[in-house]
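Counting begins at 1 with the first residue of the sequence. Everything numeric in this text was worked out from a predicted model, so none of it was measured.
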Amino acid sequence: MGKADNILQTLGDFTSKENWDSFFTIRGHGDAFEWYAEWPQLKDPLISHLPSLSQTASPQILVPGCGNSSLSEQLYDAGFRCITNIDFSKVAISDMLRRNVRERPDMRWRVMDMTSMQFTNDTFDAVVDKGGLDALMEPEVGSKLGSQYLSEVKRVLKPGGKFICLTLAESHVLGLLFPKFRFGWKMSIHVIPQKPPSKPNFQTFMVVVEKDESTALHQIESSLNFSLLDSHGNQTRELVKTLENENIIRQKCSSGADLLLSLEDLQLGAKGDLQKLHQGRRIQFTLGGQGTSVFSYRAVLLDAREQSGSFLYECGVFIVPKTRAHEWLFSSEEGQWMVVESSKAARLIMILLDETQSGANMDAIQKDLSPLVKQLAPGENDSGSQIPFMTASDGIKERNCVFQGTSTLTGSIVVEDVIYEHVSNDASRIFPTGDLIFRRLIFQRTESLVQSEALLTRERLHETVSGQMDRKRSHSSSKSKNKGKKKLNKESSDQMKVYHCYLASSYHLGIISGFMLISQYLESVASARTTVNTVVIGLGAGLLPMFLRACMSFLHIEVVELDSTILKLARDYFDFTEDADLTVHIADGIQFVREFRNSGAKDSSAIVLDNGNSSRVKRRGDTKIDILIIDVDATDSSSGMTCPAADFVEEPFLLAAKDALSEQGIFIVNLVTRSPTINDMVVSRMKGVFNHLFSLQLEEEVNEVLFALPSEFCIKEDLFNESALQLEKLLNLKHPEIRQSIVDATKKIRCLK
């Protein structure tokens, strides 16, 4: 190992100014140190790409990070006299100035940071970098300095100018270099011949980038003979892979594929002129990072599809929390356009937060985003108009996690107690003083999806409930609210019980309102003191079955739940209990329905609890289902349907459900989707199977409840009011207001077939 190599080993951090000063001081004066290839190997390929001396009398050349390399001197001697050298090491610049002041008087030397140059735009015809970018791209440092440097290179080059980068072409360097010069640049890559005889060592490559006057996207050209580079093993393989991947990306961009662009790509015109609004334009891109901001962001730019001029804002920002970014409303194109319409912004910048912003509060994120989004506003950036920030808030004031665990079937599960920021006046009447506490069951696979939600009360307060309870607060959609930030004092929910006389989810009340369609049959069964066979697919926290069991004693309820962990949680945290007429099967819901006739209850009698007294009543001899309720979430909501799982609305299951229903039965599906296309598809399938189909669209909710009847007989719409009163009499409820809410919901049921 030579003296130079020994000195090099002491250098350490290549990005440290102090280290370089020390390196050049130790090395001494007048002794050039060459990184990578030397002049005999560089001369021909380098000069062939520089502006011709015959065409340009004095091309302006910049050599950043010059150090004490002799490259500038050799270029000068080859006829290129207008060369400016910069380096942030005063030691190196002083040494080189002394060395060249007499022999090369036109050569310029300046102490300057190559990541922040003091040159005006469009100053140089060529920038020649020998190892400078590689030095800035220390793996421990990241790409911040390299990104800043390349932005400066792009700025100071004239149109038609060239950036010539001598590099080892490591993948992390090319991973920055290629995207930075993707739009509006022509690029080629070449191999520098090694000095014979050469030891197996790192190969030097030359990347040449030319500043195009258009924003066209070009494939990267290559003059590499890879068969001659086999001795370099991993270095060559990484280069080939990175080059191929980049050309694939460029090909996809050229074909119009929806790829993640950068802000710099957009400013170069990759998707048209950002200064102007283009009706219906939608661009997915990355924003920030690499020295421009604290965080990097996934973003979508959307120019409203109808430029009616009735917008409140020319440009707005909508921030989607990480826990809601996967929702169809924010992750799908169809949903995003809905957000644009409601935002009243001519251009909406949707920011989808992820784990990279973990720990940052919303104020910090907005401060970080502000200078970035200003660059995306239509018109002049310095117009001074404020860009409003909007966010998909979850409305949580306080929270306490009471359980966190994992199931092999469901994944991560959370049970939490929360206090909402706003509660309706009707709901607050149950406890005139203090905040209402709700217990929520959340599946983390769809973090915004609240599977079940129950009101907590202290047992001693049950007797003093005023009866003023109404439907759940209007602000909170069932199966659609997410988690908040503050922590609820654990003691505030100790010794509390789930209040089963109240349903927090308004769609549960909507499901019960549909019983109006078979209320005449229900009344006849109740009068005969027999039972109505009811099957609920999907237990959740068991709140709907418990409520039904309490208010309709003539129901024999069988709940089907695939995951035994959910049953345990319902018992332990939501006070779910079973009895003779409320049982749970751990089974596959689809298979259970198909086999119901063979695997139904075998007893011909059952215990029914009536006003606290037990009596044995006769069960119908058949095992047909009278009421079949599907309330199962989808394990993958990316398709746009959060509930139910897709198999439950496929034709084979719908046919099986119809066959399992009694002649007087009803099939009920809780449908959660924001996609009109998916909604229409589900409705169309159900129309094709069932004789009659009805719908209840809940106000301010995503849920739509569908009711299907299997028989030719169907209640006439002019008898709905009479049937609703019939249902009202069947409901044994502690609170008249809840009964009224169910009756009110019947008035919103409409016939689809």
message: Looking at Ser342 and Val339, would you say the former's side chain and the latter's main chain have a donor-acceptor pair under 3.5 Å?
response: yes
- Could you tell me whether the side chain of Gln118 and the main chain of Ser116 form a donor-acceptor pair under 3.5 Å? yes
When rounded to the nearest 0.5 Å, the distance separating CZ of Phe389 from CD1 of Ile319 is 5.5 Å
Problem - Asn703 backbone acceptor or donor facing Gln697 side chain under 3.5 Å - result: yes
query: So, Ser684 side chain and Asp680 main chain: donor-acceptor pair closer than 3.5 Å or not?
result: no
Legend entry - Salt-bridge present (Arg182, Glu246; N to O < 4.0 Å): yes
dist Asn670:CG -> Asp631:CG (nearest 0.5 Å) comes out at 5.0 Å
Test side-chain contact (heavy atoms from CB on, under 4.5 Å), reference Met350, set Gln284, Arg282, Met390, Gln336, output is Gln336
query: Does the pair Asp354/Lys322 count as a salt bridge with the N-to-O cut at 4.0 Å?
result: no
Exercise for review: Just do the side chain to side chain contact (heavy atoms under 4.5 Å, CB included) check on Val207 and Thr167 with the steps written out, would you?
Suggested key: CA-CA 8 Å; Val207 179; Thr167 173; 4.0 Å; yes
If you define the side chain from C-beta out and look only at heavy atoms, does anything of Leu287 sit under 4.5 Å from Leu376? yes
In terms of heavy-atom contacts, Gln357 and Ser296 come closest through NE2-O, 2.7 Å
Note: Arg685-Glu651 ion pair, threshold 4.0 Å (strictly below) = no
Quick note, salt bridge (Lys or Arg N to Asp or Glu O under 4.0 Å) partners involving residues 339-353, not counting sequence neighbours, are Asp303-Arg347, Arg305-Glu341
Say whether, by atom type as modelled, one donor and one acceptor occur between the side chain of Glu416 and the main chain of Asn400 under 3.5 angstrom. no
Find out whether Asp212 and His218 are in side-chain contact, i.e. whether some heavy atom of one side chain is under 4.5 Å from a heavy atom of the other.
yes
Applying side chain to side chain contact (heavy atoms under 4.5 Å, CB included), run through Val414 and Cys401 and close with a yes or a no.
-> CA-CA 7 Å; Val414 170; Cys401 180; 4.0 Å; yes
Heavy-atom closest pair (Ala377 atom, Cys315 atom, distance to 0.1 Å) is CA-SG, 4.1 Å
Contact between Ser505 and Ser452 at the side-chain level, heavy atoms closer than 4.5 Å - yes or no?
no
One should read off an interatomic distance between Ser143 OG and Leu177 CG, to the nearest 0.5 angstrom, of 12.5 Å
Check: Phe330 and Val300 side chains under 4.5 Å, non-hydrogen atoms | no
Residue pair Trp185 / Lys180, side-chain heavy-atom distance below 4.5 Å = no
CA sep, side-chain torsions, deciding dist, call: Ser293, Leu369, side chain to side chain contact (heavy atoms under 4.5 Å, CB included)
CA-CA 8 Å; Ser293 61; Leu369 279 169; over 6 Å; no
Worksheet item: Does NZ or CZ of Lys154 lie under 6.0 Å from the centre of the six-membered ring of Phe181, at an angle within 45° of the ring axis?
Response: yes
In this structure, CD1 of Ile220 is separated from OG1 of Thr242 (nearest 0.5 Å) by 10.0 Å
- Task: Please work out whether the ring planes of Phe119 and Phe124 are parallel, tilted or perpendicular, with thresholds of 30° and 60°.
- Result: perpendicular
| NZ/NE/NH1/NH2 to OD/OE distance under 4.0 Å, Arg155 and Glu152 | yes
When rounded to the nearest 0.5 Å, the distance separating OG1 of Thr356 from CZ of Arg298 is 9.0 Å
message: Please evaluate residues Gln60 and Thr123 with respect to the criterion side-chain hydrogen bond (donor to acceptor under 3.5 Å, both in side chains), reporting the C-alpha separation (whole Å), side-chain torsions for both, the decisive distance (0.1 Å), and the verdict.
response: CA-CA 7 Å; Gln60 298 292 320; Thr123 298; over 6 Å; no
d(Leu503 CG, Ile742 CD1) to nearest 0.5 Å is 7.5 Å
Smallest heavy-atom separation, Lys158 atom then Asp122 atom, equals CG-O, 3.3 Å
Heavy-atom nearest pair, Ala345 first then Ala304, reads O-CB, 3.9 Å
Shortest non-hydrogen pair, Leu266 vs Ile283, comes out as CD2-CG2, 3.6 Å
Do the side chains of Met641 and Leu671 get nearer than 4.5 Å, heavy atoms only?
yes
- Task: Compare all side-chain heavy atoms of Pro676 with those of Glu334 and state whether any distance is below 4.5 angstrom.
- Result: yes
(Q) Closer than 4.0 angstrom, basic N to acidic O: yes or no for Asp273 and Arg281? (A) no
message: Please determine whether side chain to side chain contact (heavy atoms under 4.5 Å, CB included) holds for the pair Ile351 and Phe295, giving the CA-CA distance in whole Å, both sets of side-chain angles, and the decisive distance to 0.1 Å.
response: CA-CA 12 Å; Ile351 306 296; Phe295 304 111; over 6 Å; no
| Contact check, side chains of Lys241 and Ser171, non-hydrogen atoms, under 4.5 Å | no
Closest non-hydrogen contact found for Leu176 with Ser147 is CD2-N, 3.5 Å
